[in-house]
Each structure stands twice: as structure tokens, then as C-alpha cells.
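Worksheet for the structure shown next.
All of these numbers come straight from a predicted model, not from anything done at the bench. Naming convention: chains lettered A, B, ... in sequence-line order (proteins, then strands); numbering from 1 in each chain.
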Amino acid sequence: MARFSLTTPLYYVNARPHIGSAYTTMAADALARFAALRGDAVLLVTGTDEHGQKIQRTAQEQGVPPQVHCDRMVAEFQALWQKLNIHWHRFSRTTDPRHGVIVKEFFQRVWDKGDIYLHQQQGWYCVACEEFKDERELLPERYCPLHPHLQVEWRDEPNYFFRLSQYQHQLEDLYQNQPDFIQPEARRNEVLKFVAQGLADFSISRLHLDWGFPVPVDPQQVIYVWFDALLGYLTALVEPDAEPSLAQATQTWWPVDVHLIGKDILRFHAVYWPAMLLSAELPLPKRIFAHGFLTKDGQKMSKSLGNIVDPFHLVNEYGSDALRYYFLKEIELGKDGDFNEERFIQTVNADLANDLGNLLNRTLKLVHKYCGGCVPAVTVPQDNPLAVLAEDLGVQVAQAYRELALHRACLLPLSLAQRANKWMDEQAPWQLAKTGEPATLAAVLYSLLEAVRLAAYLLSPVIPQTSTRIYQQLGYPIDFDRQPLLDYHQQARWGALPPGQAVAAPEPVFLRLGLPKVMKS
RNA sequence: GGCUCAGUAGCUCAGCGGUAGAGCAGGGGACUCAUAAGCCCUUGGUCGCGUGUUCAAAUCACGCCUGAGCCA
């Protein structure tokens, strides 16, 4: 059996989950579900990154110990993932003691390799970035350009450094030999440019901080949050009942097929992380895919603009299928995308309620009226336009998923539903019933049912609840949120619907969304 | 300052040398199986700006402008 493993980032728990994290996680979940649909053994890893000064200070401000703060945030993340119908297999927390074991072993390996050394570092430090900043990139009065409300702090301390510079050529070879290691192309170009300029060693420890794992060779220091966080991907792969070790972690699911990330953390994943793994002599992940950023009504989201989109609010208001569909179909993964509530509602209504849902509804009504509520037993002609369109739809959708082209993976099945609506009007089965052509009528209705079925099946990784309702109305006792137990190669093709199967009474599978009150007026 | 990506109908985008396309939204119509859905027709664009190459440019080259981003 083929294996497919992928990760979302381990989200930083300094705040409640935002729409960007939700976007990544929805995309990852759809990818994982599709792999599972095809029968692969799948492991979807998500989790949280909980160390670092910023967390320590946030907790302090709230007057709670850091661990309590982290536990609270983790509960929020998990609650949101549940609401969004995310099926994760491992939730990796960097404060897990098991993670400490992995970090220690990894550090030791890199240390033994001679890739870690002590060096006095001084400069301006941004606590929010957890990074040293060049004086000239600072705003007036030494505010961080990325965190304009925060002043940087002067630091002069010995830190442990990782010899990133040693790995420049190996990294360049990697990018060269494996052109799809970093995707999309534009992001790859950025990394190539960055690496070509020469790589500086980076510090992997911090002094005067106790929220983190101690440096094994120097307990005065704490391991830098990013070094720690990236290793969380490995810890996640340790079997739950096994003793944590790198050997264990890399036994089954490593290397992962995809690290799905936002473009803001590309450098850590495409440069630092592979270098760390090279140093530790571990295999590299197969692919890093960086998606774009979301805007709200064409504008950057920010607290000062007050236009932050709250994922909890959206999912409570509209449900998970609608959100998943909008974000995955309307925005090309890898490009920036916009959330506009009106466009969201229009899209979802047009596609899911009108084109797909209503197609099932109108067809079922006729099946009950003219075929006794059973899938008609007929032979559909080879040249049936729906059958022709469906011919290699499963293959095309699989290809789209392979490329992480989720928007195409949505568009393809939808186009079948759209063609089916058109064809239904052309055939006018209600007329066929009147003029007495039962064979033709049966073939038309069968084709329509089959078109909805296939579209629903191929869309199920994105809209599992809607697909489940469609399948159940078609007479299948299955739930895409549980093990579907259906053979992909059979279900992803035209003609899987068994003749004679009793169908349910038509019931809207996706209710049209209304505009929120504020927008109606 | 260097580099990357983008700028095409109200919105989201495709086209990437032969005088503009799709979906959604808007307008009209015929139908009736349907979640006032679907179907048909339709309004709508000096293809960011300028110069050049070419018989011919949204499509190539150069310059500029705007936006997003990477680096310094």
C-alpha cells in the first residue's frame, strides 16, 4: 500500500488560530482525504509550536504559567480543526516531553558532526520575530519593521551557532537535482536567489530564557524556538506507544511527501530545515509547498484596520463545507487570495446549492416519479456526453491533487455537474415521460444520477458532508467522514451506480446561504 | 537599490504572435423536473502606460507606473 504523509506548520500559540492557519489546514486535510480515498495509508500531521520568549511573555501578561497558556491555545486550535472537519492523525506539541528527547538526540548528532559552535553574538533582537535584526532595517527609534509596535532589545550574549554555511553547495545541488522540491516556482526562485548570495550560520540557542529545552551541552542556554519547532515534524512521526528516537521517527512516515506551509516561513523550511537534516544525516522531505496569503476585501488583514476575519465566526455562521469549498476552489493554492463575504456566498450558492445540490434534487424527483424510486437498469450509450466528460475525470482530478492544484480538483467535478444540468434541459426527461419513451428516459435519468454521484465522490475530500448527503440520497449507506470503504478505481469512474438501488426522497443537500444581515441593507 | 511574480469585462481568472474568452454578478426570454434553482439569449473590455520588432502584439523586446513579495 502506498504511503502519503504530510504536515501543516506547527502553529505558534501566541494567539488564537487565525484564518491563515485555517486555510493551510483545510488544504492539508483535503490532500490527506484524497490520498485516503485512493486507498493510500495517510498520516496528516499538525500541531503547535509552544516555546520561545514571545510565548513566555504572552503568558506573563495574562498572569498564567506558559504551559497553561499553551494548553488553552491548543484547545482553541483543536476546537477549530474539529469545527472545520479536519481529520488529523498526529497533533505535535513542542512542549511534549517526548519531543524533548528527539530534540536532544538531534542536537547531539549535529554536535558530534561538528556543526555547532559557540560564538558571541551582539545586536538588536526582536522578541516577536525571535531574531536578531540589522540596525539599518529597523524603523525609527528601533522599532521592528515586522512588528511596528515593538522595540527591539540590545543583546550581547554567547550563542550556539549552526554551520549553515557548510551546506550551501549541498542545498544548491538539491534544488538543482530536485526542481520540484520547492513549489510554486516563484517561491523556488526566491530561495535560489537567497542561497546563491551565500549562507550565514544561524544561532540556535538563547540565553536568559527558560521557556524551552536546555541545550544538552550547556544547560544555561535554551534551544532556539525554530530549531526546536522544525524537529516537531519528526517527533510527530514517532508511534504513540514507542520510545521516542530519531530511528523510530524516521522508520515509517519519514520523509514526508509534503510540508505544506505559508510563504512567510519558507526560508526555515526550504533552507534551514534541509541543512539541519543533512547535518544529522537524515533523509529530506520530498516537497515544500508554500501557499499564499489571504486578504479581506482586497486589503491586508490587520488589527489596526479592524478587518480580521475570524475563522470561528465563519464556520459557525456558514459551516465547514462552504468554507472549505470557497477557500480551496476560489483561490489557487500558491497564490494570494481574497476573502469577500459576498463573493463567498455567491460562489458557494452557485456551485454547491444550485449546480450540484439542485441537480440531484431535480433528478431524484423524476426518478421517484417515473422509475419507482430506484436507479434505472439501463445501458448508457457510449457517446453519452456525460459519460464522455466523465471518462478520465478521475484521472484528471488525481493529477490535480498530485500537483496540489486544489482549485482544479474542485473545478473538474463541478464542470460535470454543470454539463449535466445543461444536458438535462436538452433532453427534457419530463417531456420524454409524456411522449412515452421509457428507455430513453431511464438512460437520461441514470446518466444524471451517475453524474451527480461521480462529482460528489471526487469532491468529497473538499466537501465531505455534502458528498455524504448526496451518496446517502443515492442509496449508499456511507459516510465520507468515516472510512468510506469504497474502491477508488471503481467509484472514480463512470458507471459505478448499481442499477436497482433504491434512492431516498429528495432533500436539499446544501442549503443556499443568505447574506448576513449587515450586508442586506 | 537588485531581483521575482502579477496588472485582460463589476468580481475571480484563462488566453501568451494572427484583429478578445470563461465562470460568477447584472439585463431579457422560453420552459417547469427542481433549493425563485436549471436552460437560452444578452449588456459589458482603448487586454496598466509608452516606445520598438513584425505583414500582424493582450501575446515578443525595452522603458515606465501600480500592487504583492524576496534580498540588501
Report the residues that fulfil salt bridge (charged side-chain N to carboxylate O under 4.0 Å, His left out) with [X], sequence neighbours left out, ordered by chain and then residue number.
X: E172(A); result: none
X: K329(A); result: D351(A)
X: D115(A); result: none
X: D425(A); result: R362(A)

Under the side chain to side chain donor-acceptor pair (under 3.5 Å) test, residues paired with D321(A) that sit two or more places apart: T466(A)

Side chains of residues 188-197 of chain A: which donor-acceptor pairs under 3.5 Å do they make with residues two or more places apart or in other chains?
{"from": "R188(A)", "atom 1": "NE", "to": "P179(A)", "atom 2": "O", "distance (Å)": "3.1"}
{"from": "R188(A)", "atom 1": "NH2", "to": "Y175(A)", "atom 2": "O", "distance (Å)": "2.8"}
{"from": "E190(A)", "atom 1": "OE2", "to": "R187(A)", "atom 2": "NH2", "distance (Å)": "2.9"}

Contact pattern, 5' to 3', of nucleotides 2-8 of chain B - B, S or - by protein heavy atom under 4.0 Å: -SS----

Which value, in whole Å, describes the distance between the [atom1] atoms of nucleotides [N] and [M]?
N: G27(B); M: G17(B); atom1: C1'; answer: 36 Å
N: U66(B); M: A30(B); atom1: C1'; answer: 46 Å
N: A6(B); M: G44(B); atom1: C1'; answer: 24 Å
N: C24(B); M: C60(B); atom1: P; answer: 30 Å
N: U59(B); M: G52(B); atom1: C1'; answer: 16 Å
N: C40(B); M: G23(B); atom1: P; answer: 9 Å
N: C3(B); M: G63(B); atom1: P; answer: 9 Å
N: A9(B); M: C62(B); atom1: P; answer: 25 Å

Tell me the interatomic distance from [X], atom [atom1], to [N], atom [atom2], rounded to whole angstroms.
X: D336(A); N: C70(B); atom1: CG; atom2: P; result: 10 Å
X: Q473(A); N: A34(B); atom1: CD; atom2: C1'; result: 12 Å
X: F344(A); N: G23(B); atom1: CZ; atom2: P; result: 23 Å
X: K329(A); N: C11(B); atom1: NZ; atom2: C1'; result: 12 Å
X: L294(A); N: G67(B); atom1: CG; atom2: P; result: 21 Å
X: L432(A); N: C31(B); atom1: CG; atom2: P; result: 18 Å
X: L414(A); N: A22(B); atom1: CG; atom2: C1'; result: 13 Å
X: H407(A); N: A14(B); atom1: NE2; atom2: P; result: 8 Å

ring-ring contact (aromatic ring centres under 6.0 Å, His included) partners of residues 379-403 of chain A, not counting sequence neighbours, each pair once: F34(A)-Y401(A)

Residue whose closest nucleotide on RNA chain B lies nearer the 5' end, Q346(A) versus G337(A): G337(A)

Contact nearer the 5' end of RNA chain B, comparing T347(A) with T363(A): T347(A)

Options U32(B), A14(B), A68(B), nucleotide nearest the side-chain atoms of Q431(A): U32(B)

Strand RNA chain B as a dot-bracket string - pairs counted if Watson-Crick or G-U with both distances under 3.5 Å, | where the partner lies in another strand: ((((((((.[[[[.).....]]]].((((.........)))).....(((((.......)))))))))))).

Ring-ring centroid check Y160(A) Y117(A), cutoff 6.0 Å: no

Y471(A)/F480(A) aromatic ring centres below 6.0 Å: yes

For N361(A), side chain to side chain contact (heavy atoms under 4.5 Å, CB included) partners two or more places apart: N358(A), P506(A), P508(A)

Touch class at under 4.0 angstrom, heavy-atom based, for V509(A) against every strand present: base

Touch class at under 4.0 angstrom, heavy-atom based, for F510(A) against every strand present: base

F181(A) six-ring centre to K286(A) NZ/CZ under 6.0 Å and within 45° of normal: no

Of R206(A), Q53(A), E153(A), the residue whose pairing with Y125(A) passes side chain to side chain donor-acceptor pair (under 3.5 Å): R206(A)

4.5 Å side-chain heavy-atom contact, V256(A) and L6(A): no

Criterion ring-ring contact (aromatic ring centres under 6.0 Å, His included) on Y326(A) and F339(A), from CA distance to verdict: CA-CA 9 Å; Y326(A) 176 84; F339(A) 179 78; 5.6 Å; yes

Residue from F268(A), Y233(A), F289(A) passing ring pair (Phe, Tyr, Trp, His ring centres under 6.0 Å) with H259(A): Y233(A)

Protein-nucleotides 37-39 of chain B N/O pairs under 3.5 Å:
{"from": "A37(B)", "atom 1": "O3'", "to": "N354(A)", "atom 2": "ND2", "distance (Å)": "3.2"}
{"from": "A37(B)", "atom 1": "O2'", "to": "N354(A)", "atom 2": "O", "distance (Å)": "3.3"}
{"from": "A37(B)", "atom 1": "O2'", "to": "N358(A)", "atom 2": "ND2", "distance (Å)": "3.0"}
{"from": "G38(B)", "atom 1": "O2'", "to": "R362(A)", "atom 2": "NH1", "distance (Å)": "3.0"}
{"from": "G38(B)", "atom 1": "O2'", "to": "N421(A)", "atom 2": "O", "distance (Å)": "3.4"}
{"from": "G38(B)", "atom 1": "O2'", "to": "D425(A)", "atom 2": "OD1", "distance (Å)": "3.3"}
{"from": "G38(B)", "atom 1": "N2", "to": "D425(A)", "atom 2": "OD2", "distance (Å)": "2.8"}
{"from": "G38(B)", "atom 1": "N3", "to": "D425(A)", "atom 2": "OD2", "distance (Å)": "3.3"}
{"from": "C39(B)", "atom 1": "O4'", "to": "D425(A)", "atom 2": "OD2", "distance (Å)": "3.0"}

Near-strand residues of residues 364-380 of chain A, defined as heavy-atom separation under 4.0 angstrom from RNA chain B: K365(A), L366(A), K369(A)

